[in-house]
Protein chains: 2
Amino acid sequence: MVMGRPRSFDTDKALDEAMEVFWRHGYDGASLAMLTKAMGIKAPSLYAAFGSKEGLLKAALDRYAQRRCEHMRHVLAGATAREVAERFLSSIAESHTDPANPPGCLLVQGGLACGEGSENIPFELASRRAQTEADLRERFAQAQRDGDLAPEADPAALARFLSTVASGMGVLASSGADRDALRAVARVSLSAFTRCPEAGGVPS
Amino acid sequence: MVMGRPRSFDTDKALDEAMEVFWRHGYDGASLAMLTKAMGIKAPSLYAAFGSKEGLLKAALDRYAQRRCEHMRHVLAGATAREVAERFLSSIAESHTDPANPPGCLLVQGGLACGEGSENIPFELASRRAQTEADLRERFAQAQRDGDLAPEADPAALARFLSTVASGMGVLASSGADRDALRAVARVSLSAFTRCPEAGGVPS
DNA sequence: GAAGTTTTGTATCGAGTGGTAGATAAGTCT
DNA sequence: AGACTTATCTACCACTCGATACAAAACTTC
(Lines give C-alpha, C1' and ligand atoms only; values in the text may rest on other atoms or scores of the structure.)
Protein backbone atom coordinates (compact mmCIF):
# COMPACT_ATOMS: atom_id res chain seq x y z
CA MET A 1 0.00 0.00 0.00
CA VAL A 2 1.07 3.60 -0.50
CA MET A 3 2.47 5.68 2.31
CA GLY A 4 0.70 8.45 4.16
CA ARG A 5 -2.78 8.97 5.49
CA PRO A 6 -5.34 7.17 3.36
CA ARG A 7 -8.06 9.06 1.55
CA SER A 8 -11.26 9.12 3.58
CA PHE A 9 -13.63 9.39 0.62
CA ASP A 10 -14.31 7.35 -2.48
CA THR A 11 -13.06 9.24 -5.52
CA ASP A 12 -15.65 7.83 -7.91
CA LYS A 13 -18.55 8.44 -5.55
CA ALA A 14 -17.35 12.01 -5.06
CA LEU A 15 -17.02 12.46 -8.82
CA ASP A 16 -20.57 11.26 -9.31
CA GLU A 17 -21.80 13.91 -6.92
CA ALA A 18 -19.68 16.59 -8.58
CA MET A 19 -20.97 15.49 -11.98
CA GLU A 20 -24.53 15.97 -10.82
CA VAL A 21 -23.81 19.48 -9.58
CA PHE A 22 -22.11 20.51 -12.85
CA TRP A 23 -24.95 18.88 -14.74
CA ARG A 24 -27.66 20.71 -12.88
CA HIS A 25 -26.02 24.12 -12.54
CA GLY A 26 -23.40 24.36 -15.27
CA TYR A 27 -19.73 25.10 -14.73
CA ASP A 28 -20.12 28.75 -13.80
CA GLY A 29 -23.22 28.10 -11.76
CA ALA A 30 -21.58 25.35 -9.73
CA SER A 31 -19.83 26.96 -6.78
CA LEU A 32 -17.16 25.31 -4.69
CA ALA A 33 -19.53 25.48 -1.74
CA MET A 34 -22.12 23.43 -3.64
CA LEU A 35 -19.51 21.01 -4.91
CA THR A 36 -17.80 20.36 -1.58
CA LYS A 37 -21.15 19.97 0.17
CA ALA A 38 -22.40 17.47 -2.42
CA MET A 39 -19.12 15.58 -2.43
CA GLY A 40 -18.98 15.50 1.36
CA ILE A 41 -15.40 16.81 1.48
CA LYS A 42 -13.68 20.09 2.25
CA ALA A 43 -12.02 22.35 -0.25
CA PRO A 44 -8.40 21.33 0.47
CA SER A 45 -9.26 17.67 -0.13
CA LEU A 46 -10.89 18.60 -3.40
CA TYR A 47 -7.87 20.54 -4.56
CA ALA A 48 -5.46 17.84 -3.45
CA ALA A 49 -7.39 15.26 -5.46
CA PHE A 50 -8.35 17.19 -8.58
CA GLY A 51 -6.09 20.24 -8.74
CA SER A 52 -8.70 22.86 -9.53
CA LYS A 53 -12.35 23.37 -10.31
CA GLU A 54 -11.56 22.85 -13.98
CA GLY A 55 -9.63 19.69 -13.17
CA LEU A 56 -12.63 18.43 -11.25
CA LEU A 57 -14.87 19.07 -14.23
CA LYS A 58 -12.52 17.21 -16.56
CA ALA A 59 -12.43 14.25 -14.20
CA ALA A 60 -16.22 14.30 -14.06
CA LEU A 61 -16.36 14.47 -17.85
CA ASP A 62 -14.05 11.48 -18.11
CA ARG A 63 -16.37 9.56 -15.87
CA TYR A 64 -19.36 10.72 -17.87
CA ALA A 65 -17.72 9.58 -21.09
CA GLN A 66 -16.93 6.25 -19.50
CA ARG A 67 -20.60 5.74 -18.67
CA ARG A 68 -21.79 6.77 -22.12
CA CYS A 69 -19.18 4.59 -23.72
CA GLU A 70 -21.06 1.44 -22.81
CA HIS A 71 -24.22 2.80 -24.39
CA MET A 72 -22.35 3.82 -27.50
CA ARG A 73 -20.84 0.39 -27.85
CA HIS A 74 -24.34 -1.04 -28.00
CA VAL A 75 -25.44 1.67 -30.41
CA LEU A 76 -22.56 1.12 -32.80
CA ALA A 77 -23.11 -2.62 -32.69
CA GLY A 78 -26.36 -2.16 -34.58
CA ALA A 79 -26.51 -4.39 -37.66
CA THR A 80 -27.40 -1.64 -40.13
CA ALA A 81 -26.91 2.12 -40.39
CA ARG A 82 -30.59 2.54 -39.83
CA GLU A 83 -30.50 0.41 -36.72
CA VAL A 84 -27.51 2.36 -35.42
CA ALA A 85 -29.44 5.59 -35.87
CA GLU A 86 -32.48 4.09 -34.21
CA ARG A 87 -30.50 2.83 -31.24
CA PHE A 88 -28.66 6.13 -30.93
CA LEU A 89 -31.73 8.33 -30.81
CA SER A 90 -33.56 5.98 -28.52
CA SER A 91 -30.58 5.76 -26.19
CA ILE A 92 -30.44 9.55 -26.08
CA ALA A 93 -34.16 9.80 -25.34
CA GLU A 94 -33.77 7.41 -22.42
CA SER A 95 -30.56 8.75 -20.94
CA HIS A 96 -31.59 12.39 -21.17
CA THR A 97 -34.69 11.67 -19.13
CA ASP A 98 -33.20 9.15 -16.72
CA PRO A 99 -34.60 10.10 -13.30
CA ALA A 100 -31.31 9.00 -11.73
CA ASN A 101 -29.60 12.00 -13.35
CA PRO A 102 -30.46 15.64 -13.91
CA PRO A 103 -32.49 16.04 -17.10
CA GLY A 104 -30.60 16.65 -20.32
CA CYS A 105 -26.98 16.21 -21.20
CA LEU A 106 -23.94 17.24 -19.17
CA LEU A 107 -22.06 18.05 -22.37
CA VAL A 108 -24.73 20.56 -23.32
CA GLN A 109 -25.78 22.06 -20.00
CA GLY A 110 -22.31 21.98 -18.53
CA GLY A 111 -21.44 25.24 -20.18
CA LEU A 112 -22.05 26.39 -23.75
CA ALA A 113 -20.93 29.87 -22.78
CA CYS A 114 -18.81 30.77 -19.78
CA GLY A 115 -17.41 33.80 -18.04
CA GLU A 116 -13.90 35.15 -17.74
CA GLY A 117 -11.47 32.55 -16.55
CA SER A 118 -13.61 29.68 -17.86
CA GLU A 119 -13.18 30.34 -21.56
CA ASN A 120 -11.88 26.88 -22.37
CA ILE A 121 -14.76 24.98 -20.76
CA PRO A 122 -17.03 25.29 -23.81
CA PHE A 123 -14.22 23.93 -25.99
CA GLU A 124 -13.72 21.04 -23.63
CA LEU A 125 -17.39 20.10 -23.84
CA ALA A 126 -17.49 20.62 -27.60
CA SER A 127 -14.61 18.28 -28.19
CA ARG A 128 -16.36 15.58 -26.17
CA ARG A 129 -19.54 16.04 -28.15
CA ALA A 130 -17.50 15.84 -31.32
CA GLN A 131 -16.24 12.43 -30.24
CA THR A 132 -19.72 10.94 -30.39
CA GLU A 133 -20.29 12.46 -33.79
CA ALA A 134 -16.99 11.00 -35.00
CA ASP A 135 -17.99 7.56 -33.74
CA LEU A 136 -21.22 7.72 -35.69
CA ARG A 137 -19.48 9.01 -38.81
CA GLU A 138 -16.98 6.19 -38.69
CA ARG A 139 -19.74 3.65 -38.25
CA PHE A 140 -21.69 5.04 -41.20
CA ALA A 141 -18.59 5.08 -43.38
CA GLN A 142 -18.17 1.42 -42.52
CA ALA A 143 -21.80 0.79 -43.38
CA GLN A 144 -21.17 2.43 -46.71
CA ARG A 145 -18.19 0.19 -47.38
CA ASP A 146 -20.35 -2.76 -46.44
CA GLY A 147 -22.90 -1.72 -49.03
CA ASP A 148 -25.44 -1.25 -46.27
CA LEU A 149 -25.56 2.48 -46.96
CA ALA A 150 -25.90 3.77 -50.54
CA PRO A 151 -22.68 4.96 -52.21
CA GLU A 152 -24.18 8.44 -52.70
CA ALA A 153 -25.01 8.72 -49.01
CA ASP A 154 -23.09 11.23 -46.87
CA PRO A 155 -21.87 9.62 -43.62
CA ALA A 156 -20.57 12.91 -42.24
CA ALA A 157 -23.85 14.71 -42.85
CA LEU A 158 -25.85 11.90 -41.30
CA ALA A 159 -23.65 11.77 -38.22
CA ARG A 160 -23.80 15.51 -37.79
CA PHE A 161 -27.55 15.48 -38.17
CA LEU A 162 -27.95 12.85 -35.46
CA SER A 163 -25.52 14.62 -33.20
CA THR A 164 -27.38 17.87 -33.67
CA VAL A 165 -30.72 16.27 -32.87
CA ALA A 166 -29.16 14.76 -29.75
CA SER A 167 -27.99 18.19 -28.61
CA GLY A 168 -31.43 19.60 -29.32
CA MET A 169 -32.98 16.82 -27.29
CA GLY A 170 -30.66 17.80 -24.47
CA VAL A 171 -31.97 21.35 -24.58
CA LEU A 172 -35.51 20.04 -24.71
CA ALA A 173 -35.03 17.70 -21.79
CA SER A 174 -33.33 20.37 -19.73
CA SER A 175 -36.48 22.43 -19.87
CA GLY A 176 -38.60 19.61 -18.54
CA ALA A 177 -39.77 17.69 -21.60
CA ASP A 178 -40.69 14.12 -20.68
CA ARG A 179 -39.48 10.89 -22.16
CA ASP A 180 -42.37 10.51 -24.58
CA ALA A 181 -41.69 13.94 -26.01
CA LEU A 182 -38.09 12.97 -26.72
CA ARG A 183 -39.20 9.67 -28.20
CA ALA A 184 -41.52 11.52 -30.54
CA VAL A 185 -38.67 13.71 -31.71
CA ALA A 186 -36.55 10.62 -32.18
CA ARG A 187 -39.25 9.04 -34.31
CA VAL A 188 -39.55 12.02 -36.65
CA SER A 189 -35.77 12.33 -36.87
CA LEU A 190 -35.42 8.69 -37.73
CA SER A 191 -37.87 9.00 -40.60
CA ALA A 192 -35.88 11.88 -41.89
CA PHE A 193 -32.75 9.86 -41.48
CA THR A 194 -34.04 6.92 -43.42
CA ARG A 195 -35.45 8.78 -46.37
CA CYS A 196 -33.23 11.77 -46.99
CA PRO A 197 -30.95 11.96 -50.03
CA GLU A 198 -27.93 12.09 -47.72
CA ALA A 199 -28.87 8.56 -46.70
CA GLY A 200 -29.26 7.55 -50.31
CA GLY A 201 -33.02 8.09 -50.36
CA VAL A 202 -34.88 9.47 -53.35
CA PRO A 203 -34.98 13.28 -53.49
CA SER A 204 -38.43 14.79 -53.92
CA MET B 1 -40.93 66.08 -22.64
CA VAL B 2 -40.62 64.37 -19.30
CA MET B 3 -39.15 66.11 -16.27
CA GLY B 4 -35.72 65.57 -14.78
CA ARG B 5 -32.30 65.02 -16.20
CA PRO B 6 -32.49 63.22 -19.54
CA ARG B 7 -30.88 59.84 -19.98
CA SER B 8 -27.43 60.16 -21.44
CA PHE B 9 -27.40 56.78 -23.19
CA ASP B 10 -29.61 55.13 -25.78
CA THR B 11 -31.55 52.33 -24.10
CA ASP B 12 -31.77 50.18 -27.20
CA LYS B 13 -28.09 50.54 -28.04
CA ALA B 14 -27.22 49.64 -24.46
CA LEU B 15 -29.53 46.62 -24.62
CA ASP B 16 -27.86 45.44 -27.80
CA GLU B 17 -24.51 45.49 -26.04
CA ALA B 18 -25.92 43.70 -23.00
CA MET B 19 -27.52 41.12 -25.27
CA GLU B 20 -24.18 40.39 -26.84
CA VAL B 21 -22.52 39.89 -23.45
CA PHE B 22 -25.26 37.52 -22.25
CA TRP B 23 -25.11 35.75 -25.58
CA ARG B 24 -21.39 35.22 -25.46
CA HIS B 25 -20.96 34.43 -21.78
CA GLY B 26 -24.32 33.21 -20.51
CA TYR B 27 -26.24 34.71 -17.61
CA ASP B 28 -23.97 33.46 -14.84
CA GLY B 29 -20.84 34.16 -16.85
CA ALA B 30 -21.84 37.74 -17.60
CA SER B 31 -20.61 39.92 -14.74
CA LEU B 32 -21.82 43.41 -14.01
CA ALA B 33 -18.34 44.66 -14.76
CA MET B 34 -18.52 43.19 -18.28
CA LEU B 35 -22.04 44.44 -18.79
CA THR B 36 -21.45 48.00 -17.65
CA LYS B 37 -18.27 48.23 -19.66
CA ALA B 38 -19.96 46.97 -22.82
CA MET B 39 -22.99 49.20 -22.31
CA GLY B 40 -20.85 52.22 -21.59
CA ILE B 41 -22.70 53.09 -18.40
CA LYS B 42 -22.11 52.76 -14.65
CA ALA B 43 -23.87 50.32 -12.36
CA PRO B 44 -26.36 52.80 -10.82
CA SER B 45 -27.60 53.83 -14.26
CA LEU B 46 -28.06 50.20 -15.16
CA TYR B 47 -30.08 49.51 -12.03
CA ALA B 48 -32.14 52.66 -12.44
CA ALA B 49 -33.05 51.63 -15.96
CA PHE B 50 -33.49 47.86 -15.64
CA GLY B 51 -33.92 47.13 -11.94
CA SER B 52 -31.55 44.18 -11.67
CA LYS B 53 -29.31 41.89 -13.64
CA GLU B 54 -32.29 39.63 -14.25
CA GLY B 55 -34.38 42.60 -15.34
CA LEU B 56 -31.65 43.51 -17.80
CA LEU B 57 -31.66 40.01 -19.23
CA LYS B 58 -35.43 40.06 -19.66
CA ALA B 59 -35.24 43.39 -21.44
CA ALA B 60 -32.51 41.99 -23.68
CA LEU B 61 -34.65 38.92 -24.34
CA ASP B 62 -37.57 41.12 -25.29
CA ARG B 63 -35.38 42.90 -27.77
CA TYR B 64 -34.07 39.59 -29.07
CA ALA B 65 -37.64 38.33 -29.54
CA GLN B 66 -38.52 41.53 -31.33
CA ARG B 67 -35.69 40.99 -33.80
CA ARG B 68 -36.56 37.34 -34.40
CA CYS B 69 -40.20 38.23 -34.76
CA GLU B 70 -39.58 39.76 -38.17
CA HIS B 71 -37.84 36.64 -39.36
CA MET B 72 -40.62 34.46 -38.00
CA ARG B 73 -43.22 36.52 -39.79
CA HIS B 74 -41.47 35.75 -43.06
CA VAL B 75 -41.12 32.08 -42.08
CA LEU B 76 -44.78 31.67 -41.18
CA ALA B 77 -45.82 33.40 -44.39
CA GLY B 78 -44.55 30.44 -46.39
CA ALA B 79 -47.20 29.14 -48.76
CA THR B 80 -47.02 25.51 -47.64
CA ALA B 81 -46.02 23.63 -44.51
CA ARG B 82 -42.97 22.39 -46.32
CA GLU B 83 -42.00 25.88 -47.34
CA VAL B 84 -42.48 27.07 -43.76
CA ALA B 85 -40.15 24.37 -42.52
CA GLU B 86 -37.63 25.18 -45.21
CA ARG B 87 -37.70 28.88 -44.43
CA PHE B 88 -37.47 28.20 -40.72
CA LEU B 89 -34.40 25.98 -40.86
CA SER B 90 -32.69 28.18 -43.37
CA SER B 91 -33.40 31.26 -41.28
CA ILE B 92 -31.92 29.50 -38.25
CA ALA B 93 -28.83 28.48 -40.18
CA GLU B 94 -28.26 32.08 -41.23
CA SER B 95 -29.03 33.81 -37.96
CA HIS B 96 -27.02 31.41 -35.82
CA THR B 97 -23.94 32.12 -37.90
CA ASP B 98 -24.49 35.82 -38.48
CA PRO B 99 -21.07 37.42 -37.95
CA ALA B 100 -22.81 40.47 -36.51
CA ASN B 101 -23.78 38.40 -33.46
CA PRO B 102 -22.11 35.81 -31.27
CA PRO B 103 -22.49 32.35 -32.81
CA GLY B 104 -25.49 30.30 -31.78
CA CYS B 105 -28.70 31.28 -30.08
CA LEU B 106 -29.15 33.53 -27.07
CA LEU B 107 -32.06 31.42 -25.90
CA VAL B 108 -29.82 28.37 -25.75
CA GLN B 109 -26.48 29.77 -24.63
CA GLY B 110 -27.99 32.30 -22.30
CA GLY B 111 -28.31 29.74 -19.57
CA LEU B 112 -29.63 26.19 -19.73
CA ALA B 113 -28.42 25.63 -16.19
CA CYS B 114 -27.71 28.33 -13.65
CA GLY B 115 -26.42 28.73 -10.14
CA GLU B 116 -28.13 29.67 -6.89
CA GLY B 117 -30.08 32.86 -7.20
CA SER B 118 -30.55 32.43 -10.95
CA GLU B 119 -32.85 29.41 -10.86
CA ASN B 120 -35.58 31.02 -12.91
CA ILE B 121 -33.38 32.09 -15.82
CA PRO B 122 -33.55 28.67 -17.52
CA PHE B 123 -37.34 28.79 -17.28
CA GLU B 124 -37.39 32.24 -18.76
CA LEU B 125 -35.36 31.09 -21.76
CA ALA B 126 -37.37 27.90 -22.13
CA SER B 127 -40.64 29.76 -22.27
CA ARG B 128 -39.28 31.97 -25.04
CA ARG B 129 -38.11 28.94 -27.00
CA ALA B 130 -41.56 27.43 -26.51
CA GLN B 131 -43.07 30.47 -28.16
CA THR B 132 -41.38 29.73 -31.47
CA GLU B 133 -42.46 26.12 -31.28
CA ALA B 134 -46.04 27.23 -30.61
CA ASP B 135 -45.95 29.53 -33.63
CA LEU B 136 -44.86 26.66 -35.85
CA ARG B 137 -47.45 24.31 -34.38
CA GLU B 138 -50.20 26.81 -35.01
CA ARG B 139 -49.05 27.33 -38.55
CA PHE B 140 -48.97 23.60 -39.24
CA ALA B 141 -52.40 23.13 -37.73
CA GLN B 142 -53.61 25.79 -40.11
CA ALA B 143 -51.90 24.00 -42.97
CA GLN B 144 -53.74 20.87 -41.96
CA ARG B 145 -57.07 22.66 -41.99
CA ASP B 146 -56.17 24.04 -45.40
CA GLY B 147 -55.60 20.50 -46.66
CA ASP B 148 -51.97 21.38 -47.33
CA LEU B 149 -50.84 18.94 -44.66
CA ALA B 150 -52.27 15.41 -44.53
CA PRO B 151 -55.04 14.77 -41.96
CA GLU B 152 -52.93 12.07 -40.30
CA ALA B 153 -49.99 14.45 -39.89
CA ASP B 154 -49.02 15.58 -36.39
CA PRO B 155 -48.48 19.37 -36.29
CA ALA B 156 -47.24 19.28 -32.68
CA ALA B 157 -44.63 16.61 -33.41
CA LEU B 158 -43.43 18.42 -36.50
CA ALA B 159 -43.13 21.74 -34.69
CA ARG B 160 -41.28 20.14 -31.81
CA PHE B 161 -38.94 18.38 -34.19
CA LEU B 162 -38.05 21.61 -35.96
CA SER B 163 -37.66 23.44 -32.69
CA THR B 164 -35.37 20.69 -31.40
CA VAL B 165 -33.23 20.81 -34.51
CA ALA B 166 -33.00 24.57 -34.14
CA SER B 167 -31.73 24.20 -30.57
CA GLY B 168 -29.27 21.58 -31.71
CA MET B 169 -28.05 23.93 -34.41
CA GLY B 170 -27.54 26.52 -31.72
CA VAL B 171 -25.31 24.14 -29.81
CA LEU B 172 -23.46 23.28 -33.00
CA ALA B 173 -22.94 26.91 -33.96
CA SER B 174 -21.79 27.82 -30.48
CA SER B 175 -18.90 25.44 -30.85
CA GLY B 176 -17.77 27.05 -34.06
CA ALA B 177 -19.58 25.20 -36.84
CA ASP B 178 -19.80 27.32 -39.95
CA ARG B 179 -22.82 28.28 -41.99
CA ASP B 180 -22.45 25.47 -44.49
CA ALA B 181 -22.44 22.91 -41.71
CA LEU B 182 -25.72 24.28 -40.40
CA ARG B 183 -27.16 24.35 -43.89
CA ALA B 184 -26.27 20.70 -44.33
CA VAL B 185 -28.07 19.82 -41.11
CA ALA B 186 -31.05 21.86 -42.29
CA ARG B 187 -31.10 19.95 -45.57
CA VAL B 188 -31.15 16.55 -43.88
CA SER B 189 -33.76 17.71 -41.39
CA LEU B 190 -35.96 19.02 -44.14
CA SER B 191 -35.94 15.68 -45.93
CA ALA B 192 -37.00 14.04 -42.74
CA PHE B 193 -39.67 16.63 -42.36
CA THR B 194 -41.12 16.09 -45.78
CA ARG B 195 -41.22 12.34 -45.72
CA CYS B 196 -41.93 11.20 -42.20
CA PRO B 197 -45.27 9.67 -41.19
CA GLU B 198 -45.86 12.60 -38.82
CA ALA B 199 -46.00 14.76 -41.92
CA GLY B 200 -48.36 12.33 -43.61
CA GLY B 201 -45.60 10.56 -45.53
CA VAL B 202 -45.61 6.83 -46.13
CA PRO B 203 -44.19 4.82 -43.23
CA SER B 204 -41.46 2.39 -44.15
C1' DG C 1 8.69 4.00 19.00
C1' DA C 2 10.62 7.55 15.76
C1' DA C 3 10.89 9.38 11.20
C1' DG C 4 8.68 10.18 6.99
C1' DT C 5 4.54 10.89 4.05
C1' DT C 6 0.02 12.07 2.81
C1' DT C 7 -4.80 13.72 4.01
C1' DT C 8 -7.84 16.34 6.73
C1' DG C 9 -10.03 20.32 9.05
C1' DT C 10 -9.93 25.24 10.41
C1' DA C 11 -9.33 29.49 9.19
C1' DT C 12 -8.38 32.64 5.86
C1' DC C 13 -6.66 34.96 1.55
C1' DG C 14 -7.28 38.69 -2.10
C1' DA C 15 -10.24 39.41 -5.76
C1' DG C 16 -14.55 39.89 -7.58
C1' DT C 17 -19.83 39.52 -6.93
C1' DG C 18 -24.50 41.94 -7.38
C1' DG C 19 -26.25 45.92 -5.59
C1' DT C 20 -26.76 50.67 -3.22
C1' DA C 21 -26.18 55.43 -0.45
C1' DG C 22 -25.50 60.00 -1.11
C1' DA C 23 -23.90 63.90 -3.37
C1' DT C 24 -23.88 66.29 -7.71
C1' DA C 25 -25.38 67.46 -12.45
C1' DA C 26 -28.89 68.44 -15.87
C1' DG C 27 -32.92 68.96 -17.25
C1' DT C 28 -38.50 70.79 -16.78
C1' DC C 29 -42.06 73.19 -14.24
C1' DT C 30 -44.25 77.36 -12.20
C1' DA D 1 -34.98 82.62 -10.71
C1' DG D 2 -36.17 78.89 -7.73
C1' DA D 3 -38.52 74.45 -6.76
C1' DC D 4 -38.86 70.00 -8.42
C1' DT D 5 -37.53 65.76 -10.71
C1' DT D 6 -34.60 62.52 -12.66
C1' DA D 7 -29.93 60.69 -14.03
C1' DT D 8 -25.05 60.14 -13.18
C1' DC D 9 -20.87 59.58 -10.63
C1' DT D 10 -17.77 58.15 -6.81
C1' DA D 11 -17.31 55.32 -3.27
C1' DC D 12 -18.61 51.58 -0.90
C1' DC D 13 -21.57 47.75 1.07
C1' DA D 14 -21.85 42.76 2.70
C1' DC D 15 -21.03 38.72 0.61
C1' DT D 16 -19.29 34.97 -2.23
C1' DC D 17 -15.84 33.42 -5.35
C1' DG D 18 -11.90 29.98 -6.24
C1' DA D 19 -7.96 28.73 -3.89
C1' DT D 20 -4.42 28.07 -0.02
C1' DA D 21 -1.29 28.12 4.62
C1' DC D 22 -0.78 25.68 8.41
C1' DA D 23 -1.15 22.44 11.90
C1' DA D 24 -3.18 18.25 13.58
C1' DA D 25 -4.37 13.46 12.25
C1' DA D 26 -3.61 8.94 10.18
C1' DC D 27 -1.12 5.94 7.99
C1' DT D 28 3.71 3.22 6.31
C1' DT D 29 8.50 2.39 6.83
C1' DC D 30 12.60 1.79 9.43
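All chains are named by letter (A, B, ...) in the order of the sequence lines, taking the proteins before the strands, and each is independently numbered beginning at 1. Please read all numbers here as calculations on a predicted model, not as lab measurements.
For A:Cys105 against A:His96, the heavy-atom pair with the smallest separation is CB-NE2, 3.4 Å.
Heavy atoms of B:Ala48 sit nowhere under 4.0 angstrom from any nucleic acid atom. Heavy atoms of B:Phe9 sit under 4.0 angstrom from primed sugar atoms or phosphate atoms, though from no base atom.
Look at CZ on B:Arg7: it is 18 Å from P on D:dT5, rounded to the nearest Å. What separates CD1 of A:Ile121 from P of D:dG18 is a distance of 12 Å, to the nearest Å. Atom pair B:Lys42:NZ and C:dT20:P shows a separation of 18 Å (rounding to whole Å applied). Going from atom CG of B:Leu46 over to atom P of D:dA7 covers 13 Å, rounded to whole Å.
Between the side chain of B:Arg5 and the base of C:dA25 there is at least one donor-acceptor pair of N/O atoms closer than 3.5 Å.
One finds a salt bridge joining A:Glu54 and A:Lys58 here, because a Lys/Arg side-chain nitrogen approaches an Asp/Glu carboxylate oxygen to under 4.0 Å. Using a cutoff of 4.0 Å between basic side-chain nitrogens and carboxylate oxygens, A:Asp62 and A:Arg128 are scored as salt-bridged.
Tested against B:Ile121 for a side-chain contact (heavy atoms from CB on, under 4.5 Å), the candidates B:Leu57, B:Leu61, B:Leu112 yield a single pass: B:Leu57.
For D:dA19, the OP1/OP2 oxygens have a side-chain nitrogen or oxygen of A:Tyr47 closer than 4.0 Å. Considering only side-chain N and O atoms, A:Ser8 lies under 4.0 angstrom from the phosphate OP1 or OP2 of C:dT8.
Checked against D:dA26, D:dG18, C:dA21, the side chain of A:Pro6 finds its nearest nucleotide in D:dA26. Nearest nucleotide to the B:Ala43 side chain, out of D:dG18, D:dA7, C:dT20: C:dT20. In the set D:dC9, C:dT28, D:dT28, the nucleotide with an atom closest to the side chain of B:Met3 is C:dT28.
Side chains of A:Gln142 and A:Asp146: a donor-acceptor N/O pair is present below 3.5 angstrom, by distance only. Residues B:Arg68 and B:Ser95 bring a donor and an acceptor atom of their side chains to less than 3.5 Å of each other.
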Contacts under 3.5 Å, N or O only, protein and nucleotides 13-17 of chain C:
| unit_1 | atom_1 | unit_2 | atom_2 | d |
| --- | --- | --- | --- | --- |
| C:dT17 | OP1 | B:Ser31 | OG | 3.4 |

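Using the six-membered ring where Trp is involved, B:Tyr27 and B:Phe22 have ring planes that are parallel, under 30° apart on the 30 and 60° scheme.
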